[in-house]
Amino acid sequence: MSLLIEHIKIHSPGGPLNNQTAIGIDQGLFVDPNRLQSPDRLDGKGQRLIPGLIDLRAHLREPGLEHKGTIGSETLAAVRGGITTVLAMPNTDPVIDSPAAVRLVLERAEKIGFCRVLPTAMLTLGGKGLQLSEMAALVDAGCVVLAQGSRPFGSQKIEYHALKYAKSLGVTVILDPEAPDFAGGCAHAGYVGTGLGLPLNSPLSEVLGLGTDLELIEATGVRAHLSRLTTATAVDRIREAKARGLPISCDVSLAHLLYTETALVNLDPVFHLERPLRTEADRKALINGLIDGTIDAIVTDHTPHESGAKLAPFPETETGMSIIEATLNLLLTLDQNDELPFDISLQAMTGNPAKLFQKPGFGQIAFGLSADCVLYDSTKPTHIDSSHWISAGHNSPIFGQELPGTITGVWVAGKQVQN
Amino acid sequence: MHGPAALQLTSEGRLKHLLTTEGLSKALITELLNTAESFLSSQGQPVKKAPLLRGKTVVNLFFENSTRTRTTFDIAAHRLSADVVTLDIRTSSASKGETLFDTLKNLEAMQADLFVVRHSAGGAPFFIANRVTPNIAVINAGDGTHAHPTQALLDLMTIRKHKGDPANLSVAIVGDVKHSRVARSLIHGLRGMKCPDIRAIGPGTLLPGDLDHLGVRAFHRIDHGLAGVDVIVLLRLQKERMTSALLPSEREFFNLYGMTEDRLKYSRPGAIVMHPGPINRGVEISNEVADGPQAVILDQVTNGIAVRMAVMAMTISTQQDLVS
């Protein structure tokens, strides 16, 4: 059955249908509304239609960590946040490092998922950083990129070999810059963490790790995506590396755009993240990196936990935040606060991440592309209420807040999954 | 105020827990110190028995080992006539996989009135105070590198007794400020008492990077740092600072920063020398200074009992008033 969504404003900057007022959906694709024959009609009542968001980093927790979340619960949460495509991180239990595990994720997503799930797998066996995984078989099984899931390589030489092998197969890799020597700590090494007596993490951990990654990317020529930058220095290094022509892209997490080290003053474990929140100057540099194009993508780094994981003194809690469910609202918040224009954040969660998969097919509203889109009322705020939270992880900092925008419809491949 | 500093006060600004010295007003610290002094006899020793906490149960929760602090809390509670239970958690429930939260709920069910908590994780006493049923007081006996507020209060009591109001004094803290909860709490306490000149002396590897933010001046040379100070606070140097390559050797530390009679001359005549103990002779301090007339280290220990009595009495009294 075909569908005509009319009386809308299409917001797909740079796309051929930007500012159009109607769109057709037929057989899973966007089509010219004039060519539909007796479609169902949906009156958009002046709302905005944007391409479905793409999240390059989320933890869906299956297999093995179902007490923290399932592909069912977390993809529905994603859809409620306006996300239609999720790149699932491989640090599950066991980790995703075999074709069977990749297929399991795909099958579970097919069966109980609400949005498109793209599996990633470990570059090394067991994610242990010692032996290469069967990269070709993993890609055959359906992996779009390979990652190391923020686990360290056993040595720089092993990382070099992993990247070189990936390059020879034409595989894109995701790296999480961190120097193992400087890793650890649960707070940025600044005045807040020092004052609270928390184990500290120096910006050097990221900057030194990034230095190694960039050298090895240059040496191997692998296409690499550097995930979750947190420091101003890293943004500078990426800018220089891109100017040198390195085949790289990078992302920043929503939390690092929204919060700084001062969020820790109440020792709320919700702000205990794998990469610590840093200074206001770092946050500003990350935002400017998005604006000037140095940073390509925004990720949710959605990490749902059971309540017990955060029920301990701050340094002893597990890391990560459950945030995917409010993604669009938070992008609109950054826009409303005059910090990050929505056109830029939208591009960073649609067109730019789509490029990583080297198969354009979504990330834009255009005839012939997969009908992944989100209809929302920009004039109506959403009250974030924990009792209506779908994600299994209630480790979220935004309960009780009123955030801009209300999503009224989400379509994945032409199928409405949320209304 | 946020976090521990906010949680420990009632809306009227009374002390219901003691988690940190950060944010304590001069009036409140003075009240605490006056109460502590009232527990000292005319000979300067803590009174042997007072009935203030009769029928109350104090639970010492030590997740990290400690002899001195635990003993002085024990003595303080006994002198206030409280029943005291001491749990060495390292050898009990925690090693059986019980979480801190569950341990806490169990102790709560046993009708404790006050928890004294020492823990290796910064913020653990705050976590406990945040989670316990109202009307149980929590006293931080040292958490990670965060805070050791009763130590800071006994230091302030000692300073006030020997040198007067900290608002007129220069205080230098020497050694491993970076890893010291004692130093952090003393700095906050001195700031609360409006001390105008707080200095930290040590090599770059042992000083935190953001002392400015704490209102502290950093010195790498001890002769510059000690010039004209009234109070010298030495910190204990842990052996692991050498194995983690922050310092070459104890000998080099002593040569650069050890408190000797010669170095004492840089300070103002009559300056006092303090140390939270236990001292390492020949590392932080020479025998001559340790046993000399300017050292007030044993006086600190005595004051520690009185201060802990005062903190227990005050927090329990606030909690009682909150109930009624």
Side-chain angles (χ1 to χ4, degrees), chain A residues 67 179-205 207 231 233 259-273 276-282 305-319 395 397, chain B residues 1-7 19-23 63 94 98-105 117 119-131 140 142-149 177-185 187-188 191 200 207-216 244-245:
Chain A
H67 58 296
D181 251 14
F182 280 81
C186 62
H188 169 67
Y191 76 96
V192 177
T194 301
L196 291 168
L198 297 172
L200 301 178
N201 179 279
S202 161
L204 279 174
S205 65
V207 176
T231 64
T233 312
Y259 307 110
T260 66
E261 56 179 337
T262 58
L264 270 59
V265 291
N266 282 320
L267 288 168
D268 183 348
V270 113
F271 295 104
H272 184 191
L273 305 179
L277 296 166
R278 299 205 186 269
T279 67
E280 178 64 8
D282 290 314
H305 281 293
E306 79 284 15
S307 62
K310 293 286 191 182
L311 195 58
F314 190 94
E316 297 185 347
T317 53
E318 294 186 50
T319 58
N395 48 311
Chain B
M1 270 191 283
H2 301 277
L7 184 70
L19 306 173
T20 172
T21 48
E22 187 176 359
F63 296 86
E98 182 176 314
T99 67
L100 173 56
F101 184 69
D102 293 319
T103 305
L104 187 69
K105 288 288 153 196
V117 181
H119 200 286
S120 59
F126 170 71
F127 171 80
I128 291 174
N130 228 342
R131 299 279 174 180
N140 182 1
D143 61 332
T145 55
H146 173 228
H148 194 350
V177 177
K178 184 170 183 167
H179 303 94
S180 173
R181 55 192 174 206
V182 172
R184 269 180 191 63
S185 283
I187 289 165
H188 287 306
R191 291 189 68 185
L207 296 184
D210 34 34
L211 282 167
D212 287 354
H213 210 277
L214 288 170
V216 175
S244 55

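Residue numbers begin at 1 in each chain, while the letters A, B, ... track the order of the sequences.
- Applying the side-chain hydrogen bond (donor to acceptor under 3.5 Å, both in side chains) criterion to B:Asp210, with sequence neighbours excluded, gives A:Thr194.
- Here the closest non-hydrogen pair linking A:Gly197 and B:Thr145 is O-OG1, 3.0 Å.
- Only the side chain of B:Arg184 comes within contact range of chain A, judged by heavy atoms closer than 4.5 Å.
- When B:Gly123, B:Pro4, B:Ala121 are compared by the number of non-hydrogen pairs under 4.5 Å with chain A, B:Ala121 comes out ahead.
- For B:Asn140, the side-chain hydrogen bond (donor to acceptor under 3.5 Å, both in side chains) test picks out B:Asp143, with sequence neighbours left out.
- By the side-chain hydrogen bond (donor to acceptor under 3.5 Å, both in side chains) test, A:Asn395 is found to be paired with no residue, residues two or more places apart in sequence or in another chain being considered.
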(message) Using the rule given for side chain to side chain contact (heavy atoms under 4.5 Å, CB included), can you reason through B:His2 versus A:Thr262, listing the C-alpha separation, both sets of side-chain angles and the distance that settles it, and then say yes or no?
(response) CA-CA 10 Å; B:His2 301 277; A:Thr262 58; over 6 Å; no
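- Atom OH of A:Tyr191 and atom CG of B:Leu214 lie 11.0 Å apart (nearest 0.5 Å).
- B:Gly122 approaches A:Pro315 most closely through the heavy-atom pair O-CD, 3.3 Å.
- Heavy atoms of B:His119 lying under 4.5 Å from chain A belong exclusively to its side chain.
- Contacts of residues 263-273 of chain A with chain B at a heavy-atom distance below 4.5 Å involve A:Val265, A:Asn266, A:Leu267, listed in sequence order.
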